[in-house]
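Working notes, structure below.
Numbers here simply count residues along the sequence, with the first being 1. Predicted model only: the values in this text are computed from it and were never measured. Each ligand, and each atom within it, is numbered from 1 in the order the structure gives.
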Amino acid sequence: MIGYRRSGALPDKPHTVHRDAGGALLYEHCHTRDGFDGPFSILYHRQPPQFVGDGEVITPLFPGRSDGAPASDSPVRRRHLDSLRAPPQGGPVTGRVPLLWNADLTIGVVRPTTEDDFLYMPGDGDELFFIQSGGGVLASTFGTLSFSAGDYVFIPRGVPYHISLMADGAGAASQHWLWFELRTGLKLPTQYRNPVGQLRMDAPYTARDFTASELGAPRGDVAELRTVVTKRADRFTRHSQRAPVLDVVGWDGYVYPFTFPIARFSPKIGQVHLPPTVHGTFATRGSLVCSFVPRKVDFHKDAIPCPYPHSNVDVDEVIFYCDGDFTSRRGVHAGSFSLHPAGIPHGPHPGAYERSIGATETGETAVMVDTFDPLRLTTDALALDVPHYDDSWT
Ligand SMILES: [Fe+2]
C-alpha cells in the first residue's frame, strides 16, 4: 500500500448518490482489508458487483502446495533449482508451478504461452510477480496496468483480474515470471515510513516509482468477461455475473494493483559490507523480499565486497537470479533459484571471496526472499533440482 490514489469519476463523499452522465445510478463497492480496520478502496460499478447462483467447484487450475509427496523424505540442504527447466505452459493462472511454500507464502514460476479466458480472483493471498522476461497488460476492476521485464507486479487479494500477454520483441514464448502468493499480505517495510505514513526521504524508493492501475478501456474481449474463478483455502470455484465484471467508472483509496520496476530501487552501500536487509523491498508478516540491483560496492580500502560466509540461523533464504554476473555463486544463471535453509552455512564459492577484493561495483540483479517459517519443496521443485550444487563450495 503506497498511498492514496484515484482514477475516474467519484462523488464528493462516499456512500452518497453517484450517477453517470446519462443519469443512471452507479453502485458503490467497498474493498476493505483487516476487516473494516485496515486500508480500503471504494469502487463505483455500472451494475451491482454480485455473482449469480451458487458457483461451481472446479478442478484446481494449478497444483496445490502439498500435492504429491512432500519433500520431507529428502535432505534439508542447499539447493539450486533451475526454473528454465519448468516447461512453458498454460496461461498466467493455469500455467503456475508452485515450488516452495510455508504458512506465509508460496513461491513459484509461471511461463505462460496462452491467455486465460476468465478473470481470476485470488482469495488466499496478495499476488506478486517479478517479470524475468516478457510483459503484458493487467486488466482488473481498478483499470489497466502495463508491465514488462524487470517489473514487480502487485495484485491485492480479492481483486478480479486478467492478464493479456504482450511480446517483448522475442515473442510470447519468452514469458518467464516469478510468482508469489503472499498469504499474510504484502506491506512496505515499516521503517521506510514517517509518522504520517509517507515514504521517508531515506527510503529506497519514492511514491513516484510506483505506477497504479488507471481506468481505461480494457481489450474488447476482456471487457466482456463475466466469469470469475475464485481461490480460497486452495479450493477453486467458478462464478458468473450477468453483466461484465470490469465495469468500474471510478475508484479511490489505498488498495490497488501497482507495478514497481526493480531498476528504480535505490540501493544503499556502506564502507564495509551491509547485510542484505538494506535491500528490503516488500514485507509480509514473516518474510522479506529484497532487490539486488547494480550498484557501487563497499569503499573501505580493505573491504571485501563479496558476501561473507554466513549462517542466518532463523530464516530460509531463496535467491532468484535475474541478470548480470553472479559473483558469489558459480553455476547459477538467470532463471536459477538458490535455496539456503536456515542454519546451514553458505557463502561465496572458492575464489570469489578473494577475487572481490578491490572491486568497485557489481552488475547483478536478483530477487531474494528471507522467510522465518521453514520452506517446503513441492514435487515440481524437486524436478528442477540441479544435482551437485554443494560441489560449488569444493
Ligand atoms: Fe545468504
Q) Can you list the steps and then say if His45 with Tyr27 is a ring pair (Phe, Tyr, Trp, His ring centres under 6.0 Å)? A) CA-CA 5 Å; His45 292 262; Tyr27 294 88; 8.7 Å; no

**Q.** Identity of the N, O or S atom of His310 lying closest to the Fe ion (ligand 1)
**A.** NE2

Q.
Consider ring pair (Phe, Tyr, Trp, His ring centres under 6.0 Å). Of Trp177, Tyr152, Phe260, Phe258, which one does Phe147 pass it with?
A. Trp177

Q) With a 4.5 Å heavy-atom cut-off, do Asp316 and His340 have their side chains touching? A) no

**Q.** Minimum-distance N/O/S atom that Glu317 presents toward the Fe ion (ligand 1)
**A.** OE1

Q: Please confirm if an N, O or S atom belonging to His340, backbone or side chain, lies less than 2.8 Å from the Fe ion (ligand 1).
A: no

Q. For the atom pair CZ (Arg264) and OG (Ser291), what is the distance rounded to the nearest 0.5 Å?
A. 13.5 Å

Q) When you measure from the Fe ion (ligand 1) to each N, O or S atom of His346, which atom gives the shortest distance? A) NE2

